[in-house]
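Working notes, beginning with the structure itself.
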2 protein chains.
Amino acid sequence: MKPPSASAVTIELNAVLVALTANEPQVLTLDDGALLPSGPFESEHPTLQTGVRAWVERQTHHPLGYVEQLYTFADRNRAHEHGRRVVSISYLGLTRERLSRGARDPEWRNWYRYFPWEDWRRGPPPLIVGEILPRLRKWSDAAGDMAVKRERRQRIDVNFGDGKEQWNEELVLQRYELLYEAGLVLEAGAPARPVPSPLPGMPMRHDHRRILATGIARLRAKIKYRPVVFELMPETFTLLQLQRAIEALAGRPLHKQNFRRLIDQQGLVEETGEISSQTGGRPAKLYRFRREIVLERAVGGSKLPLTRPT
Amino acid sequence: MKPPSASAVTIELNAVLVALTANEPQVLTLDDGALLPSGPFESEHPTLQTGVRAWVERQTHHPLGYVEQLYTFADRNRAHEHGRRVVSISYLGLTRERLSRGARDPEWRNWYRYFPWEDWRRGPPPLIVGEILPRLRKWSDAAGDMAVKRERRQRIDVNFGDGKEQWNEELVLQRYELLYEAGLVLEAGAPARPVPSPLPGMPMRHDHRRILATGIARLRAKIKYRPVVFELMPETFTLLQLQRAIEALAGRPLHKQNFRRLIDQQGLVEETGEISSQTGGRPAKLYRFRREIVLERAVGGSKLPLTRPT
DNA sequence: ATTATAATGCTCATATTAAGCATAATTAAT
DNA sequence: ATTAATTATGCTTAATATGAGCATTATAAT
């Protein structure tokens, strides 16, 4: 059962590189925001991850704090110039600050420019009730088959709710795919489909917007059970800064007092002893991340009704 | 920033194929348990996933219910016979029953034969206190550098606890890697390292045991927030059967009454109206999975102190 | 009948989460 | 100097969820 004669392919690495600037989530793009940075996997790299690190750091002159694999796919539609098949492996990277501008045109973009409906920090985006839901409903009603119609309605409901409540911020990719299927959003490289009046939100080339959606979704899920936010924070920070950072990523407002309680229960941070006074209000204590925390601590995450070992 | 001249590689697909037989978690293996089924990614397949489905179903003559990508890696150590680099993409697959035996030698194996320390269904495995912890401690004590020593101790503690409590069943891969680093377990293909007396637990060739660990870990995490167990269950089942299935996967005993409460709160199953009487006790109601449940229902999973939309 | 084995119903204590009131300490504006 | 606006921080209350276990019911096997 060995591979008999697998055909050769080339490997392309894509990166969703995230930073936070002024409480906004930023993603590194090229070509006027139309592409995610990509690089080849070269033979001198011992592993894929070192490959990503190498070319990202070469391009950006910044160390890449945290790197995590996102997804691998081989899309038949995308063929290499030499006719070889292309397999794309995408990574999520977190970095601490704006990177230095290179010679080319890499630019940080607010990720909500690509997904305006994902930002609920200032309440439900009017776009959803005003445009997305009506057009999705038209799409579901247009289904001939009753079963298909019901299924579409259910998907709309799960992913967008009523546009005012029950928002699950992790469903970034599912929502994007739903909008794509409903023809409200365009994606280059896909089988040509005319999209009459696409929703607000910048497109990207190839499937890069989809990869970005995957990265956002992963990060939104991860901040809930691993202290990855700190990769994006400065060395010291106030609790409100930390809250704003998480709000930026999750795209939702948090309850301030409860957020603080949570943070200090977790014991992830410690006071530096210093006090900020930049805040235009009562001065806040400064904190730092306790790096000595073991990241993989028994995060519990039970959800199963275990019995005691007896 | 296009890939200038990426070198060609071949793609190998690996599958961790899981089923449940008599309340034991089984994984499909080849070559007397030494390999996971693998197949090449061929050019006629539109996507990777269809590639996996195709050859698994061809080999096993069974439909593959659920498929999910696990991880992609390119290990420098593993080179294709033609000298080309090999990139492995692994998948987790769930299937409902034993598959029909093919002409070759595919066999279902209890996965705890590969990871005996992972089965806590009948309490803490004596192997941990009796052998693993002492040997790990010897390893951590052998570190020259104080910092390394502390770090090793901490990892041991997080991953194995005291061998009696605070067990986190999701850390399958981390534990395996720890044992590997400590030289208690052997892995073929890795830089030759003599392992004097490996722990009980079957090895596999290449890095297949590591891939299996990844699959188990993923499945153990997933059953907590997605109803994937039902892919492994017969059409109808009693609640105890369901409990035993989850216990088999999680490797831990569950509290019966609380398990039942949880299940019916979630509304994932419905009574069929029938009654089993095979159980040697009070007859149990039979249930079926409510397939119409939208799998991606707003699983909440909050952990963030949100505010109300106001 | 009696015993063993499961299935089920319920209760109680504790922990976690959601919401919000109240107070303190600053800066910016009158 | 007062007042208003902001932000930080302490605490309370209610609602839910979770962990343990007691008690009762319905069968099969002896």
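Throughout, a chain's letter reflects where its sequence line sits, starting with A, and its residues are numbered from 1. Heavy-atom basis, side chains included; hydrogens, waters and symmetry copies ignored.
Residue side chain B:Arg261 does not reach the base of D:dA17 through any donor-acceptor N/O pair under 3.5 Å, judged by distance alone.
The distance between atom CZ of A:Arg260 and atom C1' of C:dG20, rounded to the nearest whole Å, is 15 Å. B:Asn23 has its CG atom 11 Å from the P atom of C:dA6, to the nearest Å. For B:Leu240 and D:dT25, the CG to P distance is 21 Å, given to the nearest whole Å. Taking atom CG of A:Leu306 as the reference point, atom P of D:dA20 lies 8 Å away to the nearest angstrom. Atom pair A:Asp264:CG and C:dT16:P shows a separation of 14 Å (rounding to whole Å applied). Residue B:Phe259 contributes atom CZ, which lies 15 Å from atom P of C:dG9 at whole-angstrom precision. What separates CG of B:Leu242 from C1' of C:dA6 is a distance of 16 Å, to the nearest Å. The CD1 atom of B:Ile263 sits 14 Å away from the P atom of C:dA7 (whole-angstrom rounding).
Between D:dT9 and A:Lys256, no contact under 4.0 Å exists linking OP1 or OP2 to a side-chain N or O.
Using a cutoff of 4.0 Å between basic side-chain nitrogens and carboxylate oxygens, A:Glu270 and A:Arg288 are scored as salt-bridged. Residues B:Glu169 and B:Arg220 are not paired through a salt bridge, judged by the lack of any N-O separation under 4.0 Å between the basic side chain and the carboxylate. In this structure, A:Glu68 pairs ionically with A:Arg218, as a charged nitrogen and a carboxylate oxygen lie closer than 4.0 Å. The pair B:Glu107-B:Arg109 counts as a salt bridge, with a side-chain nitrogen and a carboxylate oxygen less than 4.0 angstrom apart.
Both A:Ile275 and A:Asn258 lie close to DNA chain C; mapped to their nearest nucleotides by heavy-atom distance, the more 5′-ward contact belongs to A:Asn258. Map B:His255 and B:Leu262 each onto its nearest nucleotide of DNA chain D; the residue landing nearer the 5' end is B:Leu262. Checking B:Gln257 against A:Arg244, the closest nucleotide of DNA chain D that is more toward the 5' end is the one next to A:Arg244.
If you check every strand for non-hydrogen atoms under 4.0 Å, B:Leu239 touches nothing.
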Are any protein N/O atoms closer than 3.5 Å to N/O atoms in nucleotides 26-30 of chain D? If there are, list each pair with its distance.
from	atom 1	to	atom 2	distance (Å)
D:dA26	N3	B:Arg282	N	3.3

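Donor-acceptor pairing under 3.5 Å is recorded for the side chains of A:Gln69 and A:Tyr91.
Geometrically, A:Arg175 engages A:Trp167 in a cation-pi contact defined by less than 6.0 Å to the ring centre and at most 45° from the axis.
When side chains are defined from C-beta on, A:Leu219 does not count as touching A:Ile216, because their heavy atoms never get closer than 4.5 Å.
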